[in-house]
Each structure stands twice: as structure tokens, then as C-alpha cells.
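Beneath this line is the structure, given in C-alpha cells, with notes to follow.
Note that the structure is predicted; figures quoted are calculated from it, not measured.
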Amino acid sequence: MTRRHLVTALLVLGIVVLFVVPLVLHAGSSDFAGTDSQATELIEESDPGYTPWFSSVFSPGSSEVESGLFALQAALGGGVLGYALGRLRSRRTTPAAPPAQSGTEAPRP
């Protein structure tokens, strides 16, 4: 196993640990609410008479539609990020093209 493979394996293991440890430590005690709903709850607790100063232009009809739109947004973001990373990688790995020769020069003997 080369050093590169070892580093890759350790990074993958670290990512798995980052996902598994919080799930094991807080199993069943967390409802995984979003930050928007948590912030709304805190505001309503601290100031019961609070009225929002604006409302959303579009609100989905159900939570499934909202989740679908969120997943679509994440997929589009991932696609754009993947495309940009692919372009950067191909730019780095593709050899530079030789300069174009003009047709006015006569061939040298």
C-alpha cells in the first residue's frame, strides 16, 4: 500500500467516523430539525408578540415538495461543482497545444 492509498483510506475512515459518531452519541434524542425552525422557536419563545417583517414569495404545498426542491437544489449545486472541478483538472492534465504556424512561411530545405 502506497502512502497515497493510506492517506485516502484514512480520509475516508475519518469521514465515516464524522457521520457515525454523532448518530451513535445522540441516537433517538435528536429530531434533526433545521436551523430555520430552531431559530423560529427561539424567537417565538423570547418574544411571543413578534411578527415577521416579510413572508416568503413561494411556499411549497407540502413537506415532500419542499424536500424535493431542496434535493434538486443540492443536485444542481453538486453538478456545477463537479463540472468546475472537472474543468480545472482537465486544464491541468491536458498538455498545452503547440502554437499555430502561419501559412506564409516557406518550408525550409
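Cluster partners of Y83, using a side-chain heavy-atom cutoff of under 4.5 Å among ILVMFWY residues and allowing indirect links: none. Counting Ile, Leu, Val, Met, Phe, Trp and Tyr side chains that sit under 4.5 Å apart, directly or through other members, L88 stands alone, with no cluster partners. The hydrophobic cluster of L42 has no other members, since no ILVMFWY side-chain heavy atom comes under 4.5 Å of it.
Hydrophobic clustering of Ile, Leu, Val, Met, Phe, Trp and Tyr side chains at less than 4.5 Å, counting indirect connections, unites V24 with V16. One hydrophobic cluster, built from ILVMFWY side chains closer than 4.5 Å, holds both I43 and F54.
Closest non-hydrogen pair, P22 versus V17, comes out as CD-O, 4.1 Å.
Within the 4.5 Å cutoff, the side chain of V80 has no heavy atoms near those of the L76 side chain.
Pairs of residues two or more places apart, or lying in two chains, that qualify as side-chain hydrogen bond (donor to acceptor under 3.5 Å, both in side chains) and include a residue from residues 47-66 are S62-E64. Among residues at least two apart or in separate chains, side-chain hydrogen bond (donor to acceptor under 3.5 Å, both in side chains) pairs with a member in residues 4-17 are T2-H5. Contacts classified as side-chain hydrogen bond (donor to acceptor under 3.5 Å, both in side chains) and involving residues 84-96 (residues at least two apart or in different chains) are not found.
L10 CG to I15 CD1: the interatomic distance, rounded to the nearest 0.5 Å, is 11.5 Å.
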**Item:** Residue pair F70, V65: steps toward the side chain to side chain contact (heavy atoms under 4.5 Å, CB included) verdict
**Value:** CA-CA 9 Å; F70 185 76; V65 174; over 6 Å; no
